> 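Please see the structure below; I have some questions.
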Amino acid sequence: MNSSARAFWLRSPGHGELRDVTLAEPGEGEVLVRSLYSGVSRGTETLVFRGGVPESQHAVMRAPFQEGDFPGPVKYGYLSVGVVEQGPDGLIGRTVFCLYPHQTRYVVPVSAVTVVPERVPPARAVLAGTVETAVNALWDAAPLVGDRIAVIGGGMVGCSVAALLARFPGLRLQLVDADPARAKTAEALGVDFAAPEEALGDCDLVVHASATEQGLTRALELLAPEGTVLDLSWYGDRRIALPLGEAFHSRRLTVRSSQVGTVSPAARAGRTYADRLALALDLLADPALDALITGESAFEELPEVLPKLASGEIPALCHRVRYGDIG
């Protein structure tokens, strides 16, 4: 017996719509999930919504259950939390996280879902994919007790990194952003805040997540000799200019990338994607991370909401999508 669902599709850059979907009955080793919440990762998803994914990155940027191709029509997204309605007995009724686009119900392999710990509210679990990115970044960065660290860019990823770093002992830590409104988010996360021109220098590590040329330039300026910038930003099709003359070589500075598509080679041997996601979900037991969710709307409103997120009319870190008894 087939069942129906509804999904959000990007029809063409800047234009989204809801489409009806027919679901096949889950087979052996599959689950049927009814969505409770999904999250819009504002940086990546609004880049996709605007049609800003470079052709050279079309394959790399594919989400696990994406349908269609960039720039559109495409069904894109990767922060979904739902309840298993059909599948193995041990999963029925369990709340799970899945890297699935915005859709009311869906069928996926059992291996694609991760059980959300009971102490983590489903509404917060939409952050798992972003906290997973932060976990991988910190495996790459390998911060040490007592390090002087700045996180530049108070968006969803930068705030997730700052939230995890706030648990490290002995750090001098600042969240740096040009928007003074991010000071409230920093306070909720237990992190000091600074405007770019007031940020403390002599940093051993700067995590850059502002996706701006100015932010990356400031990151280099804040480093101590031998310091490292770990760049988490995704620039899409934009070219970035950096001052790699000046003191870059004499101070032996490093700029390195981090990306969640690969488990960091600095992680303990044998760590898998599943281990990393399970760790991220476990870390979401901290209610301070609720500060990263800055708005909520119903699934039916997505065609009107995403243009406003892309334009900045709705300022957001993670915008949560709520599903009712639909589809």
Side-chain angles (χ1 to χ4, degrees), residues 3-23 33-82 98-108 126-127 129-130 133 153 155-157 179 210-212 233-239 260-261 292-327:
S3 59
S4 62
R6 300 183 79 200
F8 175 78
W9 277 74
L10 176 65
R11 185 175 71 246
S12 61
H15 303 283
E17 63 187 13
L18 301 183
R19 296 185 181 182
D20 292 329
V21 179
T22 299
L23 302 179
V33 178
R34 174 175 56 86
S35 298
L36 297 173
Y37 300 98
S38 60
V40 178
S41 178
R42 184 169 174 264
T44 306
E45 287 197 58
T46 59
L47 187 80
V48 170
F49 189 79
R50 293 192 301 265
V53 179
E55 193 170 341
S56 65
Q57 297 298 301
H58 281 190
V60 174
M61 282 285 290
R62 287 191 70 85
F65 293 99
Q66 175 179 324
E67 292 182 40
D69 297 295
F70 303 119
V74 63
K75 183 175 79 174
Y76 189 84
Y78 48 84
L79 301 173
S80 179
V81 176
C98 185
L99 296 166
Y100 205 87
H102 308 284
Q103 186 165 310
T104 58
R105 282 185 172 88
Y106 50 88
V107 175
V108 292
V126 295
L127 296 168
T130 311
T133 300
M156 199 172 163
V157 171
D179 181 359
S210 81
T212 66
S233 293
W234 170 243
Y235 300 98
D237 53 5
R238 290 176 292 136
R239 287 181 174 270
V260 74
L292 303 187
I293 297 169
T294 50
E296 183 177 289
S297 58
F299 167 74
E300 300 94 326
E301 298 172 313
L302 263 178
E304 291 76 43
V305 167
L306 256 169
K308 294 176 181 177
L309 288 169
S311 69
E313 183 181 337
I314 298 177
L317 294 174
C318 178
H319 188 85
R320 187 165 57 207
V321 179
R322 179 183 68 255
Y323 296 75
D325 296 324
I326 52 177

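No experiment lies behind these values; they were computed from the predicted model shown.
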> Can you check whether R62 reaches V60 side chain to side chain, under 4.5 Å on heavy atoms?
no
> Checking the side chain of S233 only, and the main-chain atoms of Y235 only, is there a donor and an acceptor separated by less than 3.5 Å?
no
> So that I know where these two stand, are Y76 and F49 an aromatic pair - ring centroids less than 6.0 Å apart?
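For Y76 and F49, the ring centres are not under 6.0 Å apart.
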> Could you tell me whether the side chain of Q103 reaches within less than 4.5 Å of the side chain of F8, counting heavy atoms only?
no
> Is it true that, when you exclude E304 itself, more than 12 heavy atoms of the residues, nucleotides or ligands shown sit nearer than 6.0 Å to its CD?
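More than 12 heavy atoms, drawn from other residues, nucleotides or ligands, come within 6.0 Å of this atom.
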> So do the side chains of V40 and H102 get within less than 4.5 Å of each other, counting heavy atoms only?
yes
> If we only count heavy atoms from C-beta on, is the K75 to R19 side-chain gap below 4.5 Å?
no
> Could you walk me through whether F70 and Q57 satisfy the side chain to side chain contact (heavy atoms under 4.5 Å, CB included) test, starting with their C-alpha distance in whole Å, then the side-chain angles of each, then the deciding distance to 0.1 Å, before giving a yes or no?
CA-CA 10 Å; F70 303 119; Q57 297 298 301; over 6 Å; no
> Any side-chain donor-acceptor pair under 3.5 Å between S35 and Y106?
no
> Step by step, work out the side chain to side chain contact (heavy atoms under 4.5 Å, CB included) result for H58 and V53.
CA-CA 7 Å; H58 281 190; V53 179; 3.7 Å; yes
> Is it true that a side-chain atom of R238 and a backbone atom of A211 form a donor plus acceptor pair closer than 3.5 Å?
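Yes.
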> Can you name the one residue among V157, V260, L317 that meets side-chain contact (heavy atoms from CB on, under 4.5 Å) with T130?
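For T130, the side-chain contact (heavy atoms from CB on, under 4.5 Å) check succeeds only for V157.
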> Identify the heavy atoms of L302 and P307 that sit nearest to each other, and give their distance.
O-CD, 4.2 Å
> Do V74 and D69 have side chains that get closer than 4.5 Å, going by heavy atoms?
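In short, these two side chains do not touch, never coming nearer than 4.5 Å.
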> Short question: side chain of E301, backbone of S297 - any donor-acceptor pair under 3.5 Å?
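Pair absent, no side-chain N/O of E301 close to backbone of S297.
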> Determine, step by step, whether S4 and V21 satisfy the side chain to side chain contact (heavy atoms under 4.5 Å, CB included) criterion, reporting the C-alpha distance in whole Å, the side-chain angles of both residues, the deciding distance to 0.1 Å, and the verdict.
CA-CA 6 Å; S4 62; V21 179; over 6 Å; no
> Looking only at non-hydrogen atoms, find the nearest pair between L127 and C318 and report the distance.
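That closest heavy-atom pairing would be CD2-CB, 3.8 Å.
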> Show the numbers, then the answer: is there a side chain to side chain contact (heavy atoms under 4.5 Å, CB included) between Y100 and V108?
CA-CA 9 Å; Y100 205 87; V108 292; 3.7 Å; yes
> Does G68 offer a backbone N or O that forms a donor-acceptor pair with the side chain of Q66 under 3.5 Å?
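Checking the backbone N and O of G68 against the side chain of Q66, a donor-acceptor pair under 3.5 Å is found.
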> Going through the distances and angles, do E45 and H319 end up as a side chain to side chain donor-acceptor pair (under 3.5 Å)?
CA-CA 11 Å; E45 287 197 58; H319 188 85; over 6 Å; no
> Look at the side chain of T44 and the backbone N and O of S41, then say whether any donor-acceptor pair between them is shorter than 3.5 Å.
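Not confirmed, T44 side chain does not pair with S41 backbone.
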